[in-house]
Every structure is written in C-alpha cells, then in structure tokens.
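Contents: one structure, followed by commentary.
Just so it is clear, the structure is predicted and the values come from calculations on it, not from any experiment.
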Amino acid sequence: MLEAWTDVLRGPVFRAALTFAVLGLVRHAVITLWEMRRMLARAGDKRVPYRQVLAATARWLVPLGSVRQRLPYSLTTLTFHAAIIVVPIFLAGHVALVRAGVGWSWPAIGPGLADALTIVAVVTALLLLLQRAGARDTRTLSRFQDYALPALIALPFASGFLVAHPAWNPFAFDLMLFVHVAAADVVLVLMPVTKLSHMVLLPTTQMVSELGWHFPPDGRRLVGVALARGERPI
Amino acid sequence: MTTKGRYSFFVEPAAIAGSDRPRRFLEAFAAVLAHGNYALPLDVYARLSAKCSRCAAACQLYQTTGDPRDIPCRRSDLLLRVYRRYFTTAGVTRARLFGGFELTDEYLDRMAEEYYRCTACRRCKATCPMGIDHGLVTHLARWLLAEIDVIPKALLVAVREQLEGVGNTSAIPVPGLKDTCEFLEEELRDLFSVEVRFPFDVEGAEYVFFPAVSDYLLEADTLMGNAAVMHVTGGSWTIGTGNYDGINYGLFYSDRMMERIARKVVDEVHRLKGRKVLVGECGHATRSAWFIPAFCGPDAPPVVNCMEYAHQMLEAGRLPLRRELFEERVTYHDPCNIARTGRITEQPREILRAICRDFVEMTPNRAENYCCGGGGGTVSIDEIRAFRTGPLGKRKADQIRETGAKFVVSPCANCKKQLREVCADNGLDDVTVVGLHDLILKVIDFSAAGATVPAGSACAGSVD
C-alpha cells in the first residue's frame, strides 16, 4: 500500500511538483527581470552604479565576508546552504535516477562526502531552528513558516540518509522512502510560493533595491492628479 | 493648532480628522504604485524577507532599546502587510476566503509612530542578505502617510514656509539674508583682513550656492569658510535671492514635495543662467539635489557638494593652507545621506588630514557609520529630543567618547544640531561640533592666495 503511494509520489506527483517548482521559479525570475527592465526604462535618472550593485550581489551570493554579525547563526546558515545545494544534485543515487529518467548525467560525489554533507544538512537545519527560537529578536520576528521550512527541509535529508543506510534505520524502509519523496515533493511545491523563491530572486535584490530609488520623471505629478491633491495648499 | 497625544510628535488636526483614513491611505497607495517604481521592490521584499534579524544587529536604535518594534524588518512588515493584503492576487484571494488583516485607523497610527522612530539611515540595508532596503520602505510609508496628512508638524510647517511663504524653511527674508552676509563680510575683514564677498544674483556664475538656510542663522563659521574657499580659489559663484535654501524636507516625508522643492532650486539656477548647483554643508540637501536629474532630466544642472569642490581645489593645489595645522584632536562624523552609498567619504578625510595634526576615526565609519540619531527629519522635531539624544543618539555619543576628540566635524546642518544635543544630553560637554569649512577657515592662507580675482568672475559682485 505504502509502496504504491510511494510510486505515485516519486512518479507523476514528483514530475508535477518539479514542473511546478521550475515553472514557478522561472516565472518569478522572468517577471522580476522584466519589471526591473521596465523600472529602468521608466526611470528619470538612468545612471545606475552597476559596479557597486554587482559587487554587493556577488558578496551576498557567497557571503563569507558577512558572517561577522550573529556569527554562530551565519556560519550555520552558510554550511546549511552548501549542504542542501550539493547533496540533492550530486548524490550518486539521484544522478543515477536522472540518467535513467531523462538520460542526462553529471559527476557525483562519493558516498563518504554525501553522508557527511547529509548529516551536516540535518544538523544545521535543527541548529537554525534552535538559534531562531533561542534569540529574542528572531523569536519575535518569526512566523510559522520560519520554523516550519527548516524542519521540512531537514526531513528529506534525514529520511534519505536512513534510506541509504538500512542498517541504521530504526523505521521501516518503505516508510522512510515514502517520507523522503513526500517531503521532497512538498518542498518543491513550496519553492515558488514561499521565501524559498530567494533561490532565484537573490541575485536580483540588490539591483531591485537600487532601482527603487530611481523615480519616474512624472510620477509625483501623476500621484497628485490621481489624488486631487496636486493644487491643494500645503 | 496642533495635536499631540496621538503620536510622539505634533501633527495638525487634518492628520487625525475623518473616519475614512484607511480608504484614503489605500487610494494613495494605489496611486503611488501605479505611477512610481515602488511596486517591484515591495513585491520582492514581501516575498523574500527571511526574518533572520541581521537588520536588528545593525540598527543603532534596536541595539539601544532592544524593543521589537525597532527591528527594521518588523517595521517594514507593517507596510508590506498592507501591500500583500490589498495589492497582490494571493493576498486579496486569501482575505476573501479566510478573512484576516484589515487596515484600520489604529494600524495607521501605529505605522505613523513607528515610521518616525526610524531615521531611514539605511544601515540595515547593508546587512540584509536579501538586500531589503528598509529605508526605502520607511521613505515610502511616510509618503503614503503624508497623503492622508499624517506629517510631523515641524516638517510640514517648514515646507509650507518654503513653498508658500517666505520661500525658505527658516522664513529668512532677503533683507535678513543680505544683512547676515554683510555681517559675515565684516567678520572676515576683522578676523583675516581680507575682502571676501558674498555675491548676490550674479548672472552666468558657475555655481549657485544652496546651503541649509539655517546656516545663515546658526553657522556663521561654516558660511565664512564657504565664502573664503570660493574667494581664495577664485571660484565663480553666487547666491540667488530668488531661492537660497538647499533644505528639502520632502526627502523625509513626501516625494511630491521633494520634487517641488528640488525644482525651485533648478529654477533659480536657470533664472541666474548659472551652470551648477553648489550645495553647502548639508547631507540631506545634497542627497535631495542628487535626485534633480530624475525630476528635471539629464540636462539639469550638475550638483556639487561644497566639500567636493574644496577637495578638488586642494588636489589641484589651488587651496592655499598655512603650515600651522589645527592642533586639537578632531574626529569626523559621516552624514548618512552622503556616506551610506559611499559617494562622499574620502574627500572630507583628505582635507582633514591636510589641516589637522590629530585626526582620529570613529568606528565604524564611512558607509558603515552610525546615524547621528537625528536623521530622516527627526532632528527638526523638537518634542522628541529625549528620544533622539537617548535611544537614537546613544550609540553616537559612545562613539564620540571613545575617540577622545574635542572637535567633531560634521558637514551636515541637521547632524550638527543633533550632535550638539547628543553631546549636551550625554555628558560630552567638552566636545564642540563644527563644520568642515569652519576648520578650513582657520587654516586658509589668505596671503598666499592670488588676491586678484579673475576678470569677469562672479566674485566681483557684492551685497547691495
């Protein structure tokens, strides 16, 4: 029974979830880039400090220099991101599945490294949760999704590790495989509709913030007209 | 008539009148989204905010108060929540299906209070991994509040005077201006035996001068330094009696006002057939002037800050200085509006190293500086002084104390007022806050300067 559900989840549901994720993220990227182009076209002052913006973008893509603030949290999130990006893409088992499915393949990482990174992913995800709950400012700021997402992301890594190491798995193999694909499907679906969309939008944010200050030449007059306040005494 | 009690700052009655403020706010929001470039930033910020609290670590206000209200991300969320609920398909659909957040009068009051606790110094932006510019959100939120008349009275009255009254924020009439300049010319004569002129209404000058008009009331040394630098460098400049105020409080609360005030500056330059805008020692006046190309097109007069001019002259060897340097320990405060993006950070430092024997830096500095605590127009709101010099200004007081400096150079009229109050209220009684040109004035070598003024120069003009 569980096996049948697992087959559905790793078959049509996975394909649907992956398609939703990819199309959704591409949609975000396209809309954002399109709108950025429009913002610049509309701007009265088109002189953008491109070098500064690109440098800031690069700095934040691999933020090694920015860990000074909240050092434990910064180090945790850096290693977390490294682990969760490398493992799903370069795990030998996944590479084999992709090869079997669509014929593409790429180099895989060795089992030792995969195990280490998977453990790092799970441990850092839990640390992120603890650090978030443990600091007063993040505790005040956090919404349900800020706790739920790291926990949810830890699930496919934890269950995947147990699937790959049946000798260490205290649960049934079928159950762990089910959890692994189900959790992965949920994460995929959530990618375009939560803050996980930062995976494609992060490279745009420095430029978006810069462009926000590049006002259209007649914007304010039109706002005054729209609100019938343009001619009012101050 | 003023009203206090609803907010920490005075407002005029229109700010709290009417039962339809939420509707009017949303109308204003819709108009601004339709006619501006704010929509995409709001959308991206609403989507990506990770609630990691790095912004809190950078915010000097939050560092001092520890109050969750002061976490930049949380403050920005006040506006982003409204944006999501009313201006996104997902938000509108979710509300229709599940109910939830509705914009209320009380919510607007909360926004007003909190968006004027922020100085929009944008220190938080540099530390946000998602690049969220909380200063932009504060800037926008204040404009939207202004369109429902929620504006600190101090800022509103100044702008009203500037655009509908005497023509400047301090209501200094032209005779008052000329009297002041005449007095400054006499001072320069008495102190340095030199004939320095404040030239009025000279046509065709290269620079038309726009200091913070309050300098004419409060900063004699800065103005004398400005005039002295122009004199010894043979600079072609003038003061226009049609408009002599670089202050632009529109930057603090309304893009519509910001444009109107900036256009007045450009109109005066055009009236005098001048070529460039020369901004005095004022951070926000400089930053507002940098928006002139956006409002008036790429052919608008270029904007030069007086420190950029002085630095150019120093580099070119045209600013003669005496060998005796300023002896006392000096430190430098970076005004946020010119330093946060790194546009003017090195020029004043190079001048200070050339004229001071004991120059020390505050830490952090340059683009990472702490705000004086009076940014975003808060310095003009006298009734919140205790908040400004306490929670907002304490970080700055600590920085100044750590340097052991006797003089703080602060090339911004608003920062000067704020820092003087910060020093007074934080036990830094032996610290003097001065402008950069105040110190330059003390070490200019008037005798080395070519006393002859280039033929046809604007310096030939004089006070009537």
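- The greatest number of non-hydrogen atom pairs below 4.5 Å with chain A, out of B:Gly66, B:Ala14, B:Ala300, is found for B:Gly66.
- Not a single donor-acceptor pair under 3.5 Å links the side chain of B:Glu147 to the backbone N or O of A:Arg229.
- Per-residue counts of heavy-atom pairs under 4.5 Å with chain B were compared for A:Ser142, A:Ala135, A:Gly224; the largest is that of A:Gly224.
- Side chains of A:Arg221 and B:Arg256 form no contact here, defined as non-hydrogen atoms less than 4.5 Å apart.
- Proximity of A:Pro217 to B:Phe295: side-chain heavy atoms (C-beta onward) are nowhere separated by under 4.5 Å.
- Chain A forms the most heavy-atom pairs under 4.5 Å with one residue out of B:Thr127, B:Ile71, B:Asp43, and that residue is B:Thr127.
- Of the two parts of A:Gln52, only the side chain, counted from C-beta on, holds a non-hydrogen atom closer than 4.5 Å to a non-hydrogen atom of chain B.
- Neither the backbone nor the side chain of A:Pro49 comes within contact range of chain B; no heavy atom of the residue lies under 4.5 Å from a heavy atom of that chain.
- By number of non-hydrogen pairs under 4.5 angstrom with chain A, the leading residue of B:Ala34, B:Gly297, B:Pro298, B:Ser49 is B:Ser49.
- For B:Ala28, the parts sitting under 4.5 Å from any heavy atom of chain A are the backbone and the side chain alike.
- Contacts between B:Cys296 and chain A at a heavy-atom distance below 4.5 Å are absent for every atom of the residue.
- A:Asp45 places none of its side-chain heavy atoms less than 4.5 Å from the side chain of B:Phe291.
- Residues B:Lys51 and A:Arg132 share a closest heavy-atom pair of O-NH1, 2.7 Å.
- Proximity to chain B is absent for every atom of A:Arg139, based on heavy atoms less than 4.5 angstrom apart.
- Heavy atoms of A:Met36 lying under 4.5 Å from chain B belong to its backbone as well as its side chain.
- Both the backbone and the side chain of B:Val159 have a heavy atom closer than 4.5 Å to some heavy atom of chain A.
- Aromatic ring pairs are classed by plane angle as parallel below 30°, tilted from 30° to 60° and perpendicular above 60°; the pair B:Tyr38 and A:Phe215 is tilted.
- In terms of heavy-atom proximity, A:Leu141 sits nearest to B:Cys73 at CD2-CB, 4.2 Å.
- For A:Ser74, the parts lying near chain B are the backbone and the side chain together; criterion is any non-hydrogen pair under 4.5 Å.
- Among A:Arg47, A:His28, A:Arg38, A:Gln206, the residue with the largest count of heavy-atom pairs under 4.5 Å with chain B is A:His28.
- For CZ of A:Arg10, the number of neighbouring non-hydrogen atoms (other residues, nucleotides, ligands) closer than 6.0 Å is 12 at most.
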**OP:** Check the pair A:Lys195 / B:Arg47 against side-chain contact (heavy atoms from CB on, under 4.5 Å), numbers first and verdict last.
**Re:** CA-CA 6 Å; A:Lys195 66 182 183 181; B:Arg47 210 175 280 285; over 6 Å; no
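- For the pair B:Asn37 (side chain) and A:His214 (backbone), a donor-acceptor distance under 3.5 Å is present.
- Of the listed residues (B:Gly131, B:Ala126, B:Ala294), the one with the most heavy-atom contacts under 4.5 Å to chain A is B:Ala294.
- Here the shortest heavy-atom pairing between B:Lys125 and A:Ser209 reads CE-CB, 3.8 Å.
- Ranked by heavy-atom pairs under 4.5 Å with chain B, the first of A:Gly44, A:Pro216, A:Gly219 is A:Pro216.
- Contact tally against chain A (heavy-atom pairs below 4.5 Å) for B:Ala46, B:Ala57, B:Pro129: the top residue is B:Pro129.
- At least one test fails for A:Arg220 against the ring of B:Trp143: distance under 6.0 Å to the centre or angle within 45° of the axis.
- Under a 3.5 Å cut-off, the side chain of B:Glu164 and the backbone N or O of A:Ile234 do form a donor-acceptor pair.
- Counting heavy atoms of neighbouring residues, nucleotides and ligands inside a 6.0 Å radius, atom CD of B:Glu368 does not exceed 12 of them.
- Residue B:Asp149 touches chain A through both its backbone and its side chain, counting heavy-atom pairs closer than 4.5 Å.
- Interface remark: A:Leu222 contributes backbone and side-chain atoms alike to the contact with chain B (heavy atom separation under 4.5 Å).
- Here the closest heavy-atom approach between residue A:Thr140 and residue B:Pro68 is recorded as CG2-CB, 3.3 Å.
- To the nearest 0.5 Å, atom CG of residue B:Asp67 and atom CG of residue A:Asp137 are 12.0 Å apart.
- Here the closest heavy-atom approach between residue B:Ala50 and residue A:Asp146 is recorded as O-OD1, 3.6 Å.
- Residue with the most contacts toward chain A among B:Arg54, B:Glu27, B:Arg24: B:Arg54 (heavy-atom pairs, distance under 4.5 Å).
- Between B:Leu48 and A:Thr205, the closest side-chain pair of non-hydrogen atoms falls below 4.5 Å.
- Contact record, A:Ala226 with B:Ala31: CB-CB, 3.9 Å, taken as the closest heavy-atom pair.
- A cation-pi arrangement, defined by a distance under 6.0 Å to the six-membered ring centre and an angle within 45 degrees of its axis, is present between B:Arg122 and A:Trp213.
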